[in-house]
Amino acid sequence: MAGKPTLHYFNARGRMESIRWLLAAAGVEFEEKFIDTPDDLVKLRNDGSLMFQQVPMVEIDGMKLVQSRAILSYVAAKYNLYGKDIKERALIDMYTEGIADLNEMILLLPISPPDQKDAKITLIKDRTVNRYFPAFEKVLKSHGQDYLVGNTLSRADIQLVELLYSVEELDPSLLANFPLLKALKTRISNLPTVKKFLQPGSQRKPPGDEKSVEKARKIFKF
């Protein structure tokens, strides 16, 4: 029997959080080895574990996978969260790329220069309510089903709900005019595996703060 997947990253959300969400939603237990010092990262690089000298890295099924989108695709395919045919996978990919675009803006916010932060928040809010949320609301309205693709839970639903939580942390009012997205958030959040992940004490990480950003700067030297 294969062991649990092992996630290598620092103890924060970053580019690993979507992977944590997807594994948790699939009901997969995983272990984490946190990168706490620059030496921890150097060790991973020197032992050949990081193909491109970068994390996140996930040990799973005898592989050491890097590149977050490749990891997400593998996990989704392995646990039947990637559609039933090539057309559904294309839609899932299209939706998750859009999700990733907005998520990237939020992800980079804590490391933005202080004098740029307000402008970036304004842009995020504008893109949220005028571009991304209307697009996903329209998808759900167009077919009237419970999930984005094929009326079956997929990585697109899970990654979108993760994004909805992140946006609400920024400004809870941004979701107000999107009833179908709010319903999707409730539906996914009530799945037993996701409900467990959302409980205090789980492997879900809190929002980034100045302390975690400063620690990441020291480790990754950005």
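These numbers come from the heavy atoms of this one structure, side chains and all, not from hydrogens, waters or symmetry mates. In what follows, residues are counted from 1 in the order of the sequence shown. Given the structure is predicted, the values throughout are model-derived calculations rather than measurements.
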Review point. So, Asp146 side chain and Thr152 main chain: donor-acceptor pair closer than 3.5 Å or not?
Key: no
Practice item. Could you give me the CA-CA distance, side-chain angles and deciding distance for Lys78 and Asp61, then say whether salt bridge (charged side-chain N to carboxylate O under 4.0 Å, His left out) is met? Key: CA-CA 10 Å; Lys78 180 177 173 68; Asp61 295 339; 3.0 Å; yes
Review point. Below 4.5 Å, heavy atoms only, C-beta onward: do Pro179 and Glu137 meet side chain to side chain?
Key: yes
**Study point:** Spatial distance of atom CD1 (Ile121) from atom CE (Met105) [nearest 0.5 Å]
**Key:** 11.0 Å
Point to revise | Point-to-point distance, once rounded to the nearest 0.5 Å, from CZ of Arg13 to OG of Ser166 | key: 5.0 Å
Check your understanding: Quick one: does Gln54's side chain get under 4.5 Å of Val66's, heavy atoms only?
Key -> no
Exercise for review: Rounded to the nearest 0.5 Å, what's the gap from OG on Ser142 to CG on Leu180? Could you check?
Suggested key: 10.0 Å
Exercise for review: Please report the C-alpha distance between Gln159 and Leu72 in whole Å, then the side-chain angles of each, then the deciding distance to 0.1 Å, and finally whether the side chain to side chain contact (heavy atoms under 4.5 Å, CB included) criterion is met.
Suggested key: CA-CA 10 Å; Gln159 290 177 241; Leu72 287 164; 3.9 Å; yes
Exercise for review: Before giving the answer on side chain to side chain contact (heavy atoms under 4.5 Å, CB included), spell out for His143 and Val139 the whole-Å C-alpha distance, their side-chain angles and the decisive distance to 0.1 Å.
Suggested key: CA-CA 7 Å; His143 55 50; Val139 170; 3.9 Å; yes
Practice item. Report the distance from atom CE of Met63 to atom CE of Met57, rounding to the nearest 0.5 Å. Key: 12.0 Å
Review point. Would Val42 end up clustered with Val55 when hydrophobic side chains under 4.5 Å apart are linked, directly or stepwise?
Key: no
**Study point:** Side chains of Val58 and Met16 in contact at under 4.5 Å (non-hydrogen atoms)
**Key:** yes
**Study point:** Glu29 atom CD, over 12 foreign heavy atoms within 6.0 Å
**Key:** no
Check your understanding: Can you check side chain to side chain contact (heavy atoms under 4.5 Å, CB included) on Asp93 and Tyr82, steps first, answer last?
Key -> CA-CA 9 Å; Asp93 285 341; Tyr82 212 172; 2.4 Å; yes
Check your understanding: salt bridge (charged side-chain N to carboxylate O under 4.0 Å, His left out) with Asp40: which residues, sequence neighbours excluded?
Key -> none
Check your understanding: Quick one: do Leu91 and Ile86 end up in the same hydrophobic cluster if we chain Ile, Leu, Val, Met, Phe, Trp and Tyr together by side-chain heavy atoms under 4.5 Å apart?
Key -> no
Check your understanding: Between atom OH of Tyr9 and atom CD1 of Ile35, what is the distance when rounded to the nearest 0.5 Å?
Key -> 8.5 Å
Check your understanding: Just by modelled atom types, is the Ser112 backbone N or O under 3.5 Å from a matching donor or acceptor in the Gln116 side chain?
Key -> no
Check your understanding: Of the non-hydrogen atoms in Pro134 and Thr128, which two are nearest, and what is the gap between them?
Key -> CD-O, 3.6 Å
Exercise for review: Answer yes or no: is there a donor N or O on one side and an acceptor on the other, between the side chain of Thr193 and the main chain of Ala25, under 3.5 Å?
Suggested key: yes
Review point. For Thr6 and Lys33, does a side-chain donor sit closer than 3.5 Å to a side-chain acceptor?
Key: no
Review point. Hey, are Tyr95 and Asp157 close enough side-chain-wise for a donor-acceptor pair under 3.5 Å?
Key: no
Point to revise | Heavy-atom check, side chain of His8 versus side chain of Leu44, under 4.5 Å | key: yes
Review point. Is there a donor-acceptor contact under 3.5 Å from the side chain of Asp126 to the main chain of Thr122?
Key: no
**Study point:** More than 12 heavy atoms from other groups under 6.0 Å of CZ on Arg89
**Key:** yes
Check your understanding: Taking side chain as C-beta onward, heavy atoms only, is Leu164 less than 4.5 Å from Glu168?
Key -> no
Revision key, fill the gap. Nearest heavy-atom approach of Lys117 to Pro110 is NZ-O, 3.6 Å
Review point. So which heavy atom on Gly150 is nearest to which on Glu88, and how close?
Key: CA-OE2, 3.5 Å
**Study point:** Carboxylate-amine/guanidinium contact Arg204 Glu32, below 4.0 Å
**Key:** no
Review point. What distance separates Leu7 CG from Glu17 CD, expressed to the nearest 0.5 Å?
Key: 10.0 Å
Review point. Does a donor on one side chain and an acceptor on the other come within less than 3.5 Å for Thr37 and Asp39?
Key: no
Check your understanding: Looking only at heavy atoms, what is the nearest atom pair of Ser189 and Val161, with distance?
Key -> OG-CG1, 4.3 Å
**Study point:** Residue pair Tyr132 / Leu163, side-chain heavy-atom distance below 4.5 Å
**Key:** no
Review point. Is the shortest heavy-atom distance from the side chain of Leu191 to the side chain of Leu153 under 4.5 Å?
Key: yes
**Study point:** Ser49 side chain to Arg45 backbone, donor-acceptor under 3.5 Å
**Key:** no
Check your understanding: Given side chains that start at C-beta, do those of Leu170 and Leu109 come closer than 4.5 Å, heavy atoms only?
Key -> yes
Point to revise | Residue of the set Trp21, Tyr165, Phe30 for which ring-ring contact (aromatic ring centres under 6.0 Å, His included) holds with Phe197 | key: Trp21
**Study point:** Closest non-hydrogen atom pair, Leu174 against Phe133
**Key:** O-CD2, 3.8 Å
**Study point:** NZ (Lys120) with more than 12 external heavy atoms under 6.0 Å
**Key:** no
Practice item. Dump the intermediate steps for side chain to side chain contact (heavy atoms under 4.5 Å, CB included) on Phe136 and Leu140, then the final yes or no. Key: CA-CA 6 Å; Phe136 290 115; Leu140 291 168; 5.7 Å; no
Check your understanding: Between the side chains of Ser73 and Arg155, does any donor sit under 3.5 Å from an acceptor?
Key -> yes
Practice item. Compare every heavy atom of Val194 with every heavy atom of Ile188, then report the nearest pair and how far apart it is. Key: O-CB, 3.3 Å
Review point. Would a line drawn from the ring center of Phe10 to the ring center of Phe34 be shorter than 6.0 Å?
Key: no
Review point. Should Leu107 and Val167 be counted in the same cluster of Ile, Leu, Val, Met, Phe, Trp and Tyr side chains packed under 4.5 Å apart?
Key: no
